[in-house]
Every structure is written in structure tokens, then in C-alpha cells.
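Here the structure is laid out as C-alpha cells; the discussion comes afterwards.
Keep in mind it's a predicted model, so treat the numbers as computed, not measured.
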Amino acid sequence: MNEKLKIISLIYIGTIFYTLASYYHLKLKKDWTFTKAIAMALPLVFIEYNFSLRGNYLAYSKLNLTSIDILLITMIFYFINGWLLNYLVLKNKINIVRELIAFILILLAFKISANF
């Protein structure tokens, strides 16, 4: 695996854990409490930071990406992971047209501003 893919993988893995930390507790529905949500989120946030901070630093220092480039890559990954969580775990219906339009807009923002 080349260095670029390894660095982007670190960022992607971080976004998986961020998505889980931020939204997985919604599965609790009526059993939701702040205590339960934070107990679920804290270990995931710790793991997320380990991947994200390393990936962000390496993307900046080794790949010469700007903070905006990294942010847009991260947003794309958040969108993908949020969609997967929403559909596969939370079992919510999706409006595929709306989701595709939103994803295309994120990709266009990336294309317009990225040096990647």
C-alpha cells in the first residue's frame, strides 16, 4: 500500500469512529440518556482522535494538503459513513435523490478547492 493511501486510510478510519461516537447512540431511541450516550461515545472519540490527528498531520506534512483539503476529504468520508450508519444500522429510509445531490455538491466543493 502506498503512503498516500495509508494516510488517507488513517483519516477514513478516524471518520468511522467519529460517526459512531456522534450518532450510534441514536439507536437507543427511548432508552437514550446522556449518561449512556457519553459512555458509548468517549472510547470511540479517543480512538477517532488517534487516527484523525495522525492522518491530518501526515496529510498536511507529507502530502502537502491544506487544512481545507483535509476538511473536504473528511466531510466526504463523514457523509459516506453517516449514510451507511443511517441506512444499515439505524434502518432509516433515505431519499436517494436528495442524498446524491448533497454528495455531488460536496464532491464539487472538493474539486473546486483541492490541490489533491
Side-chain angles (χ1 to χ4, degrees):
M1 191 180 330
N2 67 29
E3 185 177 38
K4 190 178 208 179
L5 185 57
K6 285 180 185 178
I7 293 169
I8 298 301
S9 295
L10 288 172
I11 295 171
Y12 183 70
I13 293 167
T15 64
I16 291 171
F17 284 99
Y18 173 84
T19 302
L20 290 173
S22 297
Y23 303 108
Y24 186 76
H25 62 85
L26 298 175
K27 190 171 173 75
L28 296 174
K29 294 192 180 198
K30 293 182 175 120
D31 295 329
W32 189 95
T33 65
F34 181 76
T35 306
K36 284 182 185 178
I38 201 161
M40 292 171 75
L42 282 177
L44 296 170
V45 167
F46 179 74
I47 296 167
E48 180 262 333
Y49 263 60
N50 275 290
F51 285 99
S52 293
L53 292 178
R54 285 175 173 79
N56 293 346
Y57 172 75
L58 291 171
Y60 183 78
S61 63
K62 302 271 187 196
L63 302 181
N64 296 318
L65 296 178
T66 68
S67 60
I68 296 298
D69 295 335
I70 297 166
L71 175 65
L72 288 169
I73 292 167
T74 303
M75 285 175 54
I76 290 167
F77 291 157
Y78 287 154
F79 186 89
I80 292 166
N81 294 330
W83 188 89
L84 289 171
L85 183 85
N86 191 43
Y87 184 73
L88 298 174
V89 177
L90 300 177
K91 308 289 186 200
N92 292 322
K93 290 184 179 183
I94 60 165
N95 180 331
I96 194 72
V97 173
R98 184 187 68 204
E99 303 294 334
L100 282 173
I101 291 170
F103 190 64
I104 289 167
L105 290 173
I106 293 169
L107 290 175
L108 285 172
F110 180 72
K111 178 69 175 158
I112 290 168
S113 70
N115 297 328
F116 194 57

- Query: At their closest point, which heavy atom of A41 faces which heavy atom of A21, and how far apart are they?
  - Reply: CB-O, 3.5 Å

- Task: To the nearest 0.5 Å, tell me how far T33 OG1 sits from H25 NE2.
- Result: 10.5 Å

- When hydrophobic residues are tied together by side-chain contacts of less than 4.5 Å, even through go-betweens, does Y49 share a cluster with I73? no

- Message: Are more than 12 heavy atoms, taken from residues, nucleotides or ligands other than K36, located less than 6.0 Å from that residue's NZ atom?
- Response: yes

- All heavy atoms of A109 vs all of L72, minimum pair found to be O-CD1, 3.6 Å

- For the atom pair CZ (R54) and OH (Y57), what is the distance rounded to the nearest 0.5 Å? 12.0 Å

- Task: Applying side-chain contact (heavy atoms from CB on, under 4.5 Å), run through F77 and T19 and close with a yes or a no.
- Result: CA-CA 9 Å; F77 291 157; T19 302; over 6 Å; no

Name the atoms and distances for all side-chain donor-acceptor pairs under 3.5 Å in residues 11-18, with sequence neighbours left out.
unit_1	atom_1	unit_2	atom_2	d
Y12	OH	N81	OD1	2.7
T15	OG1	Y12	O	2.6
T15	OG1	N81	ND2	2.8

- Query: Which distance, rounded to the nearest 0.5 Å, do you find between the CG of L42 and the CD of E48?
  - Reply: 12.0 Å

- Can you check whether M40 reaches L28 side chain to side chain, under 4.5 Å on heavy atoms? yes

- If you measure from CG on L65 to CG on L71, what distance do you get to the nearest 0.5 Å? 12.0 Å

Contacts under 3.5 angstrom, residues 82-92 side chains, donor-acceptor by atom type, not counting sequence neighbours:
unit_1	atom_1	unit_2	atom_2	d
N86	OD1	N92	ND2	2.6
K91	NZ	L88	O	2.9

- Message: If you count every heavy atom of other residues, nucleotides or ligands that lies below 6.0 Å from Y78 atom OH, does the total exceed 12?
- Response: yes

- When rounded to the nearest 0.5 Å, the distance separating CG of D69 from CG of L63 is 10.0 Å

- Query: How far apart are the closest heavy atoms of G55 and I7, and which atoms are they?
  - Reply: O-CG2, 3.6 Å

- Message: Starting from F46 and following side-chain heavy-atom contacts under 4.5 Å between hydrophobic residues (I, L, V, M, F, W, Y), which residues can be reached?
- Response: none

- Task: Look up atom CG in L58 and atom CG in L10, then write down how far apart they are to the nearest 0.5 Å.
- Result: 6.5 Å

- Item | Cluster check L53, L20: I/L/V/M/F/W/Y, side chain < 4.5 angstrom | no

- Task: Using a cut-off of 6.0 Å, state whether more than 12 heavy atoms not belonging to Y60 lie near its atom OH.
- Result: no

- Same cluster (ILVMFWY, side-chain, under 4.5 Å), M75 and I101: yes

